[in-house]
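Because the structure is predicted, anything quoted here is derived from the model rather than measured.
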Amino acid sequence: MERFYILLILAGLSVSGFAQKSMWLIAGQSNASGMGDRRTSMKYYSKECFDYVQSGDSLKILQDPVGENGKYFGKANSGSICPSFAWNLNKMTGDSVVVVSAARGGSACSTTGETIYGTWAEKGVLPLLDAAITKCNSAIAVTGLKFSGVIWLQGERDANAINDGKMNGEDYEAALRNLILRFRKHLHDADLPFYIVLTGQYVDRPQNGYHQVRAAQRRLSEKMRGVHLVAADPWLFPQMNMMTDDIHYSQYAYNLIGETIARQIYEARSIDSK
């Protein structure tokens, strides 16, 4: 019954109605799946924000821990950016929001940077993109929606590979560019928006690799149409007491990132409508 009601909402048959119906992919490493605290995650019960669950091929009301433990990908442990992002986007725009989580801790963007945790590149021991696209296509079939964009939190694994002398920033840039193009191809949208949260830092570890990854992310945002940097920089989080350990962000930081992305989308839409 709950799934039936959710599908009625997405079909536009709810009495309240929405400005738009949007679906977003959250992908990357562990900060994408979320290593925060659901106790301080955005707490609400909204029949306008949903989490796609592949194992049941259905939607559920969005609350942390978002995501699920399935093929390659895991759920938040235990808080994420997702509730803040969806709640704020809904309040700002009126959108009915569906989130699809496909993130794996320790995953690399490149083949060279891959360890046992997989890669988003075309070739590798454990390639992740095909599994993510399969999940996306299942979500499309359930909702009837196209994806409105990808939110990307990743780069730590490749930064470590740069520090180890296995690759450089140009290699990461090429790998990320290729990934963006492949997402756009497989999701059938050549202009699919791609929001990059700049990679932060690994506290008290070599910073060169992290600087190179961040520089590559900045270059792509300048070169590629529809690629945006999120206006919340995790590099500052250690100094602001917004970390849970040497590399993962606090729930307060996740809430901030989610709200910032929602505001950027809202402001861009407002400009485009003029």
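Only one option out of Glu156, Gln217, Gln154 pairs with Thr199 in a side chain to side chain donor-acceptor pair (under 3.5 Å); it is Gln217.
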Legend entry - Stepwise side chain to side chain contact (heavy atoms under 4.5 Å, CB included) test for Val227 and Ile196: CA-CA 7 Å; Val227 176; Ile196 299 173; 3.7 Å; yes
Inset, instruction - Carefully, step by step, assess Ser30 and His248 under the rule side chain to side chain contact (heavy atoms under 4.5 Å, CB included). - result: CA-CA 8 Å; Ser30 53; His248 296 113; 2.8 Å; yes
Inset, instruction - For side chain to side chain contact (heavy atoms under 4.5 Å, CB included), just list the numbers for Phe50 and Ser96, CA-CA rounded to whole Å, side-chain angles, deciding distance to a tenth of an Å, and then say yes or no. - result: CA-CA 8 Å; Phe50 310 101; Ser96 172; 3.5 Å; yes
Inset, instruction - Take Asn163 and Asn208 through the test side chain to side chain contact (heavy atoms under 4.5 Å, CB included) and record every step on the way to the result. - result: CA-CA 7 Å; Asn163 284 333; Asn208 177 57; 4.0 Å; yes
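Judged by distance alone, with hydrogens and angles left aside, the side-chain atoms of Gln29 form no donor-acceptor pair with the main-chain N or O of Arg104 at under 3.5 Å. Not a single donor-acceptor pair under 3.5 Å links the side chain of Ser84 to the backbone N or O of Ile81. Although no hydrogens or angles enter the test, the distance criterion places no donor-acceptor pair under 3.5 Å between the side chain of Thr244 and the main chain of Ser250. A donor-acceptor distance shorter than 3.5 angstrom exists from the side chain of Gln264 to the backbone of Ala231, with no hydrogens or angles considered. Listed for the Thr93 side chain is a donor-acceptor partner under 3.5 Å among the backbone atoms of Leu89. In this structure a side-chain-to-backbone donor-acceptor pair under 3.5 Å is present from Arg184 to Leu192. With hydrogens and angles disregarded, no donor-acceptor distance shorter than 3.5 Å links the side chain of Lys223 to the backbone of Arg177. At distances below 3.5 Å, at least one donor-acceptor pair connects side-chain atoms of Asp158 with backbone N or O atoms of Ser110. Ser107 places no side-chain N or O within 3.5 Å of a backbone atom of Gly118 that could act as its donor or acceptor partner.
Looking only at side-chain heavy atoms (C-beta outward), Val100 and Ile26 stay at 4.5 Å or farther from each other. Residues Leu181 and Phe183 form no side-chain contact, since every pair of their non-hydrogen atoms from C-beta on lies 4.5 Å or further apart. Side-chain contact between Met242 and Tyr249: absent, with no pair of heavy atoms (C-beta onward) separated by less than 4.5 Å. Counting heavy atoms from C-beta outward, Leu25 and Ile151 have side chains that stay 4.5 Å or more apart. Looking only at side-chain heavy atoms (C-beta outward), Cys109 and Tyr172 come within less than 4.5 Å of each other. The shortest distance between side-chain heavy atoms of Tyr252 and Asn241 does not fall below 4.5 Å. Gln212 has its side chain within reach of Asn168: a pair of non-hydrogen atoms, C-beta onward, lies under 4.5 Å apart. Under the 4.5 Å side-chain criterion, counting only non-hydrogen atoms from C-beta, Glu170 is in contact with Arg219.
In terms of heavy atoms, Ser41 sits closest to Asn255 at CA-OD1, 4.0 Å. Of all heavy-atom pairs spanning Ala32 and Ala103, the tightest one is CB-CB, 3.6 Å. When all heavy atoms of Pro83 and Val66 are compared, the closest pair comes out as CD-CG2, 4.1 Å. Taking every heavy atom of both residues into account, Ala253 and Phe237 meet most closely at CB-CE1, 3.6 Å. Between Val197 and Pro234, the shortest heavy-atom contact is CG1-CG, 3.8 Å. Counting all heavy atoms, side chain and backbone alike, Gly106 lies closest to Thr115 at O-OG1, 4.0 Å.
Applying the side-chain hydrogen bond (donor to acceptor under 3.5 Å, both in side chains) rule to Tyr52 yields the partners Asp57; only residues at least two apart in sequence or on another chain are considered. For Asp233, the side-chain hydrogen bond (donor to acceptor under 3.5 Å, both in side chains) partners at least two apart in sequence or on another chain are Arg214.
There is a path of hydrophobic side-chain contacts, each under 4.5 Å, that joins Leu256 to Leu236. There is no path of hydrophobic side-chain contacts, each under 4.5 Å, that joins Leu145 to Val53. The hydrophobic cluster containing Tyr266 does not contain Met23, counting ILVMFWY residues as joined when their side-chain heavy atoms lie under 4.5 angstrom apart, directly or transitively. Hydrophobic clustering places Tyr72 together with Ile133 (ILVMFWY residues linked when any side-chain heavy atoms are closer than 4.5 Å, directly or through intermediates). Linking ILVMFWY side-chain heavy atoms closer than 4.5 Å, directly or via other members, places Ile261 and Met92 in two distinct hydrophobic clusters.
Rounding to the nearest 0.5 Å places SG of Cys49 at 9.5 Å from CE of Met42. How far OG of Ser78 is from CG of Asp37: 5.0 Å, rounded to the nearest 0.5 Å. Expressed to the nearest 0.5 Å, how far CG of Asn160 lies from CE of Met167 amounts to 10.5 Å. Taking CE of Met35 as the start and CG of Asn77 as the end, the distance is 5.0 Å to the nearest 0.5 Å. Note that CG of Leu187 and CG of Asn137 are 7.0 Å apart. Values are rounded to the nearest 0.5 Å. Atom CG of Leu179 and atom CH2 of Trp152 lie 4.5 Å apart (nearest 0.5 Å).
In this model, a donor atom of one side chain and an acceptor atom of the other lie less than 3.5 Å apart for Glu48 and Asn90. Counting only N and O atoms by type, the side chains of Ser55 and Glu68 include a donor and acceptor under 3.5 Å apart. A donor atom on one side chain and an acceptor atom on the other are found under 3.5 Å apart for Tyr254 and Asn31. At a cut-off of 3.5 Å, with distance as the only test, a side-chain donor of Ser80 or Asp64 sits close to an acceptor on the other residue.
Ring centroids of Trp24 and Phe85 are separated by less than 6.0 Å, placing the two rings close together.
The pair Asp191-Arg225 meets the salt-bridge criterion, since a charged nitrogen lies less than 4.0 angstrom from a carboxylate oxygen. Salt-bridge annotation for Glu114 and Arg157: absent, with no side-chain N of the basic residue lying under 4.0 Å from a carboxylate O of the acidic one. A salt bridge links Asp95 and Arg269; the closest N-O separation between the charged side-chain nitrogens and carboxylate oxygens is under 4.0 Å.
For CG of Asp245, the number of neighbouring non-hydrogen atoms (other residues, nucleotides, ligands) closer than 6.0 Å is greater than 12. Counting non-hydrogen atoms of neighbouring residues, nucleotides and ligands closer than 6.0 angstrom, the CZ atom of Arg182 exceeds 12 such neighbours.
Residue pairs meeting the ring pair (Phe, Tyr, Trp, His ring centres under 6.0 Å) criterion with at least one member in residues 196-231, sequence neighbours excluded, are Tyr195-His228, His211-Trp235.
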